[in-house]
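Reading through the structure tokens given below for one structure.
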Amino acid sequence: MKKLILCILCLLVCSVCAAAEPAKKVVFWYQVPEVILEVQNPEHDVEKGKVEFEAFLKEKYGKRFNIQIFKCAPEKELTVADVSLVTRPNYVPVIVNIDLAGVGTGEKLVGKYATVKVALKETVAIDGKFYSYDYGVKEYDSSMLRVAGYVVASEDDPRINTKNAVNDCITDACKLDTKVNRYADPAAYEKEQARYKGEFNKL
């Protein structure tokens with residue numbers, strides 16, 4: 001009897017595993033201006049910055065995608081042909097485009113603090129077509145300490161502010177919004193799931 005129950009359990013587990021859709025394998029392309037690589041370290045060493053930035057990208061985007069190949073895209077408008085050159089038939093190209101969009105300021109308890117604006121767009125190539133999700137331009141502040149909603153202390157180094165703003169933008173994009181109610185708002189839930197998985201063709 002125990003053997004029969006064990007066999008049934010094994011069959012159930014196998015059927016569930018077979019039904020689960022494996023994560024699509026991804027060729028990950030990132031496209032950024034050189035200045036984003038320069039701000040990664042105090043020496044403004046681009047090659048060292050590239051290594052540091054790629055490690056951060058892999059850490060964050062690795063939560064969303066099964067990354068097999070990692071590529072730095074040239075600074076030009078990419079075509080499907082460009083990103084398909086190193087893509088195997090069952091791999092999906094994902095392109096992440098990050099750009100700096102200016103600076104701003106905010107009121108501190110005494111004085112002002114700096115902000116950095118970052119633009120982010122993610123694109124996938126499916127069946128010979130590009131599908132994108134544009135996060136638009138978001139502004140990130142340099143506040144280090146807030147008391148009762150007021151900024152008391154802030155970072156004043158422009159390099160660190162820029163690096164932190166880019167990192168915060170990437171971190172935000174790689175979070176799944178678990179507050180979306182799948183029961184009360186199933187359309188919003190499906191949209192957030194599709195965004196997180198990079199299934200922009202479903203949006």
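Every heavy atom of this structure was used, including side-chain atoms; hydrogens, water molecules and symmetry mates were not.
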Starting from the C-alpha separation in whole Å, work towards a yes-or-no answer on side-chain hydrogen bond (donor to acceptor under 3.5 Å, both in side chains) for Tyr135 and Glu122.
-> CA-CA 8 Å; Tyr135 293 81; Glu122 298 172 351; 3.0 Å; yes
Output, in order, the C-alpha distance, side-chain angles, deciding distance and verdict of side-chain contact (heavy atoms from CB on, under 4.5 Å) for Gln40 and Lys48.
-> CA-CA 8 Å; Gln40 297 302 309; Lys48 182 182 173 184; over 6 Å; no
Using the side-chain contact (heavy atoms from CB on, under 4.5 Å) rule, take Val32 and Asp99 through it: C-alpha gap first, then chi angles, then the decisive distance, then the call.
-> CA-CA 6 Å; Val32 298; Asp99 206 354; over 6 Å; no
Worked check of side-chain hydrogen bond (donor to acceptor under 3.5 Å, both in side chains) between Asn161 and Glu155 | CA-CA 7 Å; Asn161 283 343; Glu155 175 60 64; 5.8 Å; no
Quick one: do Thr79 and Asp82 satisfy side-chain hydrogen bond (donor to acceptor under 3.5 Å, both in side chains)? Show the steps, please.
-> CA-CA 5 Å; Thr79 66; Asp82 291 330; 3.1 Å; yes
Show your reasoning for whether side-chain contact (heavy atoms from CB on, under 4.5 Å) applies to Lys138 and Val118.
-> CA-CA 5 Å; Lys138 294 187 179 179; Val118 185; 5.9 Å; no
Quick one: do Leu120 and Asn97 satisfy side-chain contact (heavy atoms from CB on, under 4.5 Å)? Show the steps, please.
-> CA-CA 6 Å; Leu120 172 65; Asn97 181 281; over 6 Å; no
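Side-chain contact between Leu100 and Val35: present, with at least one pair of heavy atoms (C-beta onward) separated by less than 4.5 Å. The shortest side-chain heavy-atom distance between Tyr131 and Ile126 falls under the 4.5 Å cut-off. In this structure the side chain of Pro93 never reaches within 4.5 angstrom of the side chain of Val124, judged on heavy atoms. Contact check for Phe200 versus Ser132: no side-chain heavy atoms found under the 4.5 Å cut-off. For the pair Asn41 and Glu52, the minimum side-chain heavy-atom distance is below 4.5 Å.
Shown here for Val83 and Ala125, the closest heavy-atom pair between the two residues is CG2-CB, 4.2 Å. Here the closest non-hydrogen pair linking Tyr140 and Cys169 is OH-CA, 3.2 Å. Heavy-atom minimum distance, Ser142 versus Ala114: OG-O, 3.0 Å. Listed here is the closest heavy atom pair of Gly128 and Val80: O-CG2, 3.7 Å. Looking at every heavy atom in both residues, Lys60 comes nearest to Ile170 through CB-CG2, 3.9 Å. For Ile67 against Gly62, the heavy-atom pair with the smallest separation is CD1-N, 4.1 Å.
Linking Ile, Leu, Val, Met, Phe, Trp and Tyr residues whenever their side-chain heavy atoms come within less than 4.5 Å leaves Val110 and Val152 in two separate clusters. Grouping the Ile, Leu, Val, Met, Phe, Trp and Tyr side chains by contacts below 4.5 angstrom, directly or via other members, places Phe56 with Val116. Residue Ile160 is not grouped with residue Ile36 when hydrophobic side chains (ILVMFWY) are merged at heavy-atom distances under 4.5 angstrom, including chains of intermediate members. Val51 and Leu57 end up in different hydrophobic clusters when Ile, Leu, Val, Met, Phe, Trp and Tyr side chains are linked at under 4.5 Å.
With a 6.0 Å radius and a threshold of 12 heavy atoms from other residues, nucleotides or ligands, Glu43 has its CD atom above the threshold. Within a 6.0 Å sphere centred on CG of Asn181, other residues, nucleotides and ligands contribute more than 12 heavy atoms. Heavy-atom neighbours of Lys121 NZ from other residues, nucleotides or ligands within 6.0 Å: at or below the threshold of 12. The number of heavy-atom neighbours closer than 6.0 Å to CD of Glu34, taken from other residues, nucleotides and ligands shown, is 12 or below.
Separating the CZ atom in Arg159 from the CG atom in Asn164 is a distance of 9.0 Å, to the nearest 0.5 Å. Within the model, atoms NZ of Lys197 and NZ of Lys24 stand 8.5 Å from one another, a figure rounded to the nearest 0.5 Å. Going from atom CD of Glu38 over to atom CG of Asp45 covers 10.0 Å, rounded to the nearest 0.5 Å. Expressed to the nearest 0.5 Å, how far OH of Tyr91 lies from CG of Asn66 amounts to 8.5 Å. Atoms CG and CD, on Asp177 and Glu192 in that order, are 5.0 Å from each other to the nearest 0.5 Å. Arg64 contributes atom CZ, which lies 9.5 Å from atom CG of Leu176 (distance to the nearest 0.5 angstrom).
A donor-acceptor contact closer than 3.5 angstrom is absent between the side chains of Glu199 and Asn201. Side-chain atoms of Asp156 and Tyr113 form no donor-acceptor pair, as typed in the model, at a separation below 3.5 Å.
By the side chain to side chain donor-acceptor pair (under 3.5 Å) test, Glu139 pairs with Thr115, sequence neighbours left out.
Legend: ring-ring contact (aromatic ring centres under 6.0 Å, His included) pairs involving residues 149-199, not counting sequence neighbours: none detected. For residues 58-80, the ring-ring contact (aromatic ring centres under 6.0 Å, His included) pairs, not counting sequence neighbours, are Phe28-Tyr61, Phe28-Phe70, Tyr30-Phe70.
For Asp141 and Arg146, the salt-bridge test passes: some basic side-chain N is under 4.0 Å from an acidic carboxylate O. Taking the charged nitrogens against the carboxylate oxygens, Glu47 and Lys50 have no contact shorter than 4.0 Å, which rules out a salt bridge.
At least one donor-acceptor pair under 3.5 Å links the side chain of Arg195 to the backbone N or O of Ala173.
Here the rule is side chain to side chain contact (heavy atoms under 4.5 Å, CB included) with Gln31, and of Leu78, Thr123, Val96 only Leu78 fits it.
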